[in-house]
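A short worksheet on the structure shown next.
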Amino acid sequence: MDQNHLFEIGLGLSAPWKVVRSGLEESGPQSKILYVDIDFEVGSRFPCPICGKPCAVYDSEVKRWRHMNFWQHATFLSARVPRVECPEHKVRQMEVPWGRPGSGFTLMFEALVMALVKEMPVAAVAALVGEHDTRLRRILRHYVGEAHAAQDWSELEAVAIDETATRKGHRYATVVVEIDLEIKREARLLFMTPGRTAASVGQFAEAMDAHGTSAPQVQVAAIDMSPAYQKGVAEHLPQAKVVFDRFHVMKLAGEALDTVRRQLRAQGVDLKGAMWALRGNWENLRQEQRELRLELCTRHKALGRAVALRESLQETWRWPGPASAALHLEGRCSWAARNRLAPFQQLLARTLKAHWKGILASYPHHVTSAAIEAINGIIQTARRRARGFRIFLNLQAICYWTAGRLNLSIPSSFTHPI
Ligand SMILES: [Zn+2]
């Protein structure tokens with residue numbers, strides 16, 4: 001079997017396409033490329049892209065595509081791409097089965113890039129395959145854009161809406177994550193838009209129509225206590241019950257604890273390492289952090305009370321229903337008042353009191369935004385990997401791709417006949 005025929009089989013080419021020339025060629029002092037030149041038989045007819053009628057070739061132009069490496073060699077396909085002349089539709093450009101128009105990469109190469117960028121930074125993929133990252137991001141945006149536009153949201157019932165930092169400094173985006181109240185499906189990132197205002201929620205509501213659903217279908221919206229999102233949900237998701245979820249309440253409790261710590265430090269108390277030892281749940285701490293936390297809590301009564309209060313606040317969601325959870329919260333309020341912990345008094349007596357109904361609205365579904373926390377983690381990893389995205393659309397594309405559970409349709413061989 002000759003080498004050209006071997007490449008035809010490897011690429012899955014079928015008539016009228018055939019490999020006419022192939023081999024290695026110097027591309028630099030240390031490197032070679034593999035070229036595979038494809039052509040069609042003289043006298044071949046191609047179907048008109050509009051009506052499908054077999055037509056004669058009008059003219060052709062040689063084009064080139066980067067393909068996956070053949071062993072260590074960058075591989076390029078080139079082919080004469082014809083235009084046909086249809087009696088009815090005049091001169092029309094043909095497409096080739098191995099690449100999309102204007103891409104410069106084969107579909108298989110693009111499929112490889114899409115798989116790699118899900119796992120590693122785009123810049124690292126670019127270095128690995130020897131292409132400029134701008135070109136790879138273009139591939140990413142193309143496929144993600146297509147798949148996201150086609151995504152079906154018709155079963156959507158509940159969402160979590162949150163802000164996420166997109167750049168160092170203070171740039172924020174709003175992310176909308178689908179929550180499945182029966183927890184049958186994995187959470188997915190549906191929507192991401194720059195800014196964190198009521199209008200950001202409006203942009204999501206507007207986007208719903210194109211995905212087989214509409215704003216009144218959303219029954220539950222889990223949000224933080226910012227006035228912007230409350231206003232956004234009231235205006236744009238009219239049927240949604242607002243839930244201030246556990247994640248956001250506990251975030252505020254964490255901030256209150258940190259305020260207590262900073263107040264102590266401002267009084268000249270030495271609290272080295274305290275920030276890390278006091279942050280997070282006991283079960284996630286390393287042994288030395290646990291020891292330090294215990295020591296700090298014993299030495300500084302205010303810290304001890306603050307930690308205990310935060311932990312006991314966390315118990316709120318263990319209660320089976322809203323009435324018992326409400327009693328529990330009431331208890332925390334009087335405890336904070338007795339202990340004269342100003343940051344917690346502020347949190348419980350003012351902030352949580354004002355949002356009582358929405359906090360208790362997490363019953364009966366036990367709505368949590370654990371999903372949004374997880375997806376926020378993915379977004380922050382993507383952002384750090386890219387060392388801050390210059391173009392929002394690039395960050396959006398990689399986030400939809402890694403957290404949006406998109407269905408991608410890239411053929412992995414070229415076997416479909418033209
Ligand atoms: Zn035609």
Side-chain angles (χ1 to χ4, degrees), residues 100 103 107 110-111 113-115 117-119 137-164 173-195 198-223 229 232-233 235-243 245 365-379 381-382 392-412 416:
R100 40 184 194 98
S103 151
L107 296 173
E110 293 184 331
V113 167
M114 290 304 288
V117 296
K118 207 169 206 173
E119 310 295 336
R137 287 187 210 286
R138 212 173 288 146
I139 297 175
L140 178 72
R141 288 202 305 267
H142 169 79
Y143 284 104
V144 168
E146 216 175 54
H148 187 261
Q151 198 175 45
D152 178 26
W153 297 353
S154 60
E155 287 180 39
L156 185 64
E157 290 176 318
V159 293
I161 303 170
D162 202 7
E163 60 175 41
T164 191
T174 294
V175 293
V176 181
V177 172
E178 177 185 29
I179 327 180
D180 181 10
L181 295 176
E182 265 102 59
I183 323 181
K184 281 187 201 137
R185 295 189 302 271
E186 235 179 287
R188 58 179 175 166
L189 173 63
L190 296 178
F191 189 74
M192 187 171 179
T193 189
S200 316
V201 181
Q203 285 163 21
F204 166 68
E206 267 168 40
M208 292 177 77
D209 292 326
H211 294 271
T213 182
S214 62
Q217 198 178 314
V218 178
Q219 301 295 310
V220 171
I223 54 174
Y229 288 153
V233 170
E235 283 174 2
H236 302 290
L237 301 173
Q239 300 298 318
K241 180 174 82 168
V242 168
V243 175
D245 55 272
H365 292 295
H366 293 277
V367 174
T368 73
S369 46
I372 214 160
E373 240 183 304
I375 283 171
N376 237 324
I378 294 174
I379 292 170
T381 306
F392 176 78
L393 291 177
N394 287 331
L395 177 63
Q396 188 196 46
I398 199 79
C399 291
Y400 283 167
W401 180 221
T402 45
R405 293 197 289 124
L406 295 175
N407 293 321
L408 221 63
S409 53
I410 313 181
S412 53
H416 59 298

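All of these numbers come straight from a predicted model, not from anything done at the bench. Each residue takes its place number in the sequence, starting with 1.
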Problem - Distance, nearest 0.5 Å, that separates CZ of Phe191 from OG of Ser200 - result: 8.5 Å

Fill in the blank from the handout: Nearest heavy-atom contact between Leu189 and Ile375 is N-CD1, 3.7 Å

Practice task
Identify the two heavy atoms, one from His236 and one from Ala198, that lie closest to each other, and give their separation to 0.1 Å.
Solution key: CD2-O, 3.5 Å

Fill in the blank from the handout: Interatomic distance, CG@Asp180 vs CD@Glu157, rounded to 0.5 Å, equals 7.0 Å

Handout entry: Minimum side-chain heavy-atom gap Arg100-Leu107 below 4.5 Å
Key = yes

Practice task
Please list, chain by chain and in numerical order, all residues satisfying salt bridge (Lys or Arg N to Asp or Glu O under 4.0 Å) with Glu155, sequence neighbours excluded.
Solution key: Arg185

Practice task
Applying side chain to side chain donor-acceptor pair (under 3.5 Å), name anything that partners Thr381, two or more places apart in sequence or on another chain.
Solution key: none

Fill in the blank from the handout: Rounded to the nearest 0.5 angstrom, the CD1-OG1 distance for Ile223 and Thr174 is 11.0 Å

Fill in the blank from the handout: Rounded to the nearest 0.5 angstrom, the NZ-CD distance for Lys241 and Gln219 is 9.5 Å

Problem - Gly404 versus Arg188, closest heavy-atom pair with distance - result: O-CB, 3.9 Å

Problem - Neighbour count above 12 (heavy atom, 6.0 Å) for Asp152 CG - result: yes

Exercise for the section: Begin from the C-alpha positions of Leu156 and Leu190 and carry the test side-chain contact (heavy atoms from CB on, under 4.5 Å) through to its verdict. Expected result: CA-CA 10 Å; Leu156 185 64; Leu190 296 178; 3.7 Å; yes

Completion exercise
So CG of Leu408 and CE of Met114: to nearest 0.5 Å the spacing works out to 5.0 Å

Practice task
Nearest 0.5 Å please: distance from the CZ atom of Phe392 over to the CE atom of Met192.
Solution key: 4.5 Å

Handout entry: For Ile179 against Ala222, the heavy-atom pair lying closest together
Key = CD1-CB, 4.2 Å

Handout entry: Beyond-backbone contact of Val175 with Ile379, side-chain heavy atoms, under 4.5 angstrom
Key = yes

Exercise for the section: Kindly give the heavy-atom pair with the smallest separation between Val233 and Ala240, and that separation in Å. Expected result: CG1-CB, 4.1 Å

Practice task
Give a yes or no answer on whether the side chain of His148 reaches the backbone of Trp401 with a donor-acceptor pair at less than 3.5 Å.
Solution key: no

Problem - Thr402 side chain vs Lys118 backbone, donor-acceptor pair below 3.5 Å - result: no

Can you give me every donor-acceptor pair (side chain of residues 201-213, partner residue at least two apart or in another chain, under 3.5 Å) with its distance?
residue : atom : partner : partner atom : Å
Gln203  : OE1  : Thr193  : OG1          : 2.4
His211  : ND1  : Gln151  : O            : 2.7
Thr213  : OG1  : Gln217  : OE1          : 2.6

